[in-house]
Number of protein chains: 2
Amino acid sequence: MTSSIKVLLAEDQSMVREALAALLGLEDDIEVVAQVARGDEVLAAVGAHGVDVALLDIEMPGCTGIEAAARVHREHPGVKLVVLTTFGRPGYLRSAMEAGADAFLVKDAPAAQLAEAIRKVLAGERVIDPTLAAAALAEGANPLTEREREVLRAAADGSTNAELARTLHLSQGTVRNYLSTAIQKLAVRNRAEAVRTAREKGWL
Amino acid sequence: MTSSIKVLLAEDQSMVREALAALLGLEDDIEVVAQVARGDEVLAAVGAHGVDVALLDIEMPGCTGIEAAARVHREHPGVKLVVLTTFGRPGYLRSAMEAGADAFLVKDAPAAQLAEAIRKVLAGERVIDPTLAAAALAEGANPLTEREREVLRAAADGSTNAELARTLHLSQGTVRNYLSTAIQKLAVRNRAEAVRTAREKGWL
DNA sequence: CGATCCGTATGACATCTGTCATCCGGCGGT
DNA sequence: ACCGCCGGATGACAGATGTCATACGGATCG
């Protein structure tokens with residue numbers, strides 16, 4: 001090849017990040033030119049290193065890999081984006097695609113798919129698990145409104161209605177109403193289940 | 001050296017597992033002789049490959065890395081055990097040590113510590129993050145009884161009292177009593193918070 | 001043997017949660 | 001101009017949840 005593919009690695013757990021770097025280091029057409037541990041460091045690193053492909057974990061401090069992807073997509077439209085995640089949540093796939101991702105991989109896929117995906121996106125292909133794609137389409141869009149999501153997110157840690165009302169500057173009754181409609185939309189029977197299924201679908 | 005260290009790698013996410021294998025492959029005194037993706041496959045693999053060190057993730061299907069560690073410790077006392085986890089929960093450290101682990105590493109420690117830990121445990125040393133060790137000691141033992149833990153675990157997904165009573169073969173009142181005492185022991189104000197803090201401490 | 005803890009259970013009570021009907025103002029379509 | 005949806009709110013009601021006192025049998029420890 002004329003020159004190797006320059007890759008940025010964004011992943012907060014250093015052991016995993018460096019292990020992935022070691023893995024990619026075995027491929028002689030791929031070079032890891034930068035590593036970051038936070039979502040909010042991705043954009044600067046992409047700018048600084050003339051990266052061809054950014055490999056982004058979703059769960060990161062600073063900002064999520066999906067947000068980071070959106071920013072890179074806006075500022076550096078030529079950079080290819082591979083989103084890598086522990087959780088194969090259909091909602092994540094959807095948001096990743098909306099953020100401009102070129103590939104979506106789950107961490108329990110075989111390691112060989114990683115280098116392969118990097119080469120494919122550089123060739124202009126998109127890489128998505130077909131099963132996950134089907135699930136994302138079958139499930140439909142997030143039915144929750146922004147406010148309902150916020151309340152649900154705030155309720156996730158077990159806060160009581162009174163606390164939620166205080167922190168969100170709402171009346172206690174309104175909090176109950178939002179939670180009630182969220183519970184109905186998600187077809188579950190209480191807030192705990194609502195939080196659970198919203199999380200599972202990647203809607204939270 | 002005379003011969004390389006034989007390592008078993010147990011981790012459910014193949015991408016991470018194979019990446020760690022690549023990382024360890026860079027060390028010329030270490031050889032990954034077996035890889036498994038489930039906790040309940042660890043014991044057999046250890047027996048089959050004459051493993052020197054078993055590297056165990058905690059969160060795995062089949063059984064947890066801690067349970068796997070306990071079994072290996074019982075059946076093959078000579079095998080050194082390194083427990084690796086995403087979550088630096090003091091309760092995990094405690095249980096890992098009780099299960100006979102020789103090292104406890106969190107995945108956001110630098111990758112270099114992994115090979116280092118493997119060599120150290122083989123030399124008879126123990127490897128523990130001092131900060132985490134202090135936290136584990138400071139926090140004290142798990143105050144929950146076995147039954148309280150079970151009920152809390154079952155309640156974690158948002159099941160109602162009636163459902164819990166059915167699945168655990170208890171009266172509804174008894175379920176409430178257990179949850180109530182758990183809530184008081186954890187000094188929180190409802191079951192959701194109880195689940196949350198018990199999880200955080202690694203007590204669940 | 002008594003003290004203490006655990007598992008299990010009941011009943012009564014207070015509070016929290018979830019539902020429903022209803023209302024208001026604002027904003028985006030048609 | 002009107003309809004429908006969203007954010008926000010109230011009040012009433014039923015059911016779920018959390019607390020407390022109390023009880024009994026078994027285990028364990030002194």
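Basis for what follows: all heavy atoms, side chains included, without hydrogens, waters or symmetry-related copies. Lettering follows sequence order; numbering is per chain, from 1. Since this is a predicted model, take the numbers as computed values, not measurements.
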Which atom pairs, donor and acceptor, lie under 3.5 Å between side-chain atoms of residues 45-63 of chain A and protein residues at least two apart or in another chain?
residue, atom, partner, partner atom, Å
A/H49, ND1, A/A45, O, 3.0
A/D52, OD2, A/K6, N, 2.8
A/D57, OD1, A/K107, NZ, 3.4

Does any residue of residues 150-168 of chain B have a heavy atom under 4.0 Å from DNA chain D, and if so, which ones, in number order?
B/T160, B/N161

Taking N or O atoms only and anything under 3.5 Å, show me the protein contacts with nucleotides 7-15 of chain D, one pair per line.
residue, atom, partner, partner atom, Å
D/dG7, OP2, A/T145, OG1, 3.0
D/dG8, OP2, A/R147, NE, 2.4
D/dG8, OP2, A/Y178, OH, 3.4
D/dA9, OP2, A/S171, N, 2.9
D/dA9, OP2, A/T174, OG1, 3.3
D/dT10, OP2, A/S171, OG, 3.3
D/dT10, O4, A/N177, OD1, 2.9
D/dA12, N6, A/R176, NH2, 3.1

With sequence neighbours excluded, residues passing side chain to side chain contact (heavy atoms under 4.5 Å, CB included) with A/A109
A/V106, A/Q113, B/M15

Near DNA chain C, counting only heavy atoms under 4.0 Å, which residues of residues 184-202 of chain A show up?
A/Q184, A/N190, A/R191

Sequence neighbours excluded, the answer for side chain to side chain contact (heavy atoms under 4.5 Å, CB included) partners of B/Q184 is B/S180

Quick one: salt bridge (charged side-chain N to carboxylate O under 4.0 Å, His left out) partners of B/R71, sequence neighbours excluded?
B/E67

Which residues satisfy the side chain to side chain contact (heavy atoms under 4.5 Å, CB included) test with B/A70, sequence neighbours excluded?
B/A99

The helix from C/dC1-D/dG30 to C/dT30-D/dA1: angle between end helix axes, five pairs per end, rounded to 10 degrees
40°

Pair listing, salt bridge (Lys or Arg N to Asp or Glu O under 4.0 Å) test, anchored in residues 88-103 of chain B, at least two apart
none

Sequence-distant partners of A/R38, side-chain hydrogen bond (donor to acceptor under 3.5 Å, both in side chains), two or more places apart
A/D40

Does the side-chain contact (heavy atoms from CB on, under 4.5 Å) test come out yes or no for A/L179 and A/L164, once each step is laid out?
CA-CA 11 Å; A/L179 286 174; A/L164 294 174; 4.2 Å; yes

Tell me, please, which residues at least two apart from A/A192 pass side chain to side chain contact (heavy atoms under 4.5 Å, CB included).
A/N190

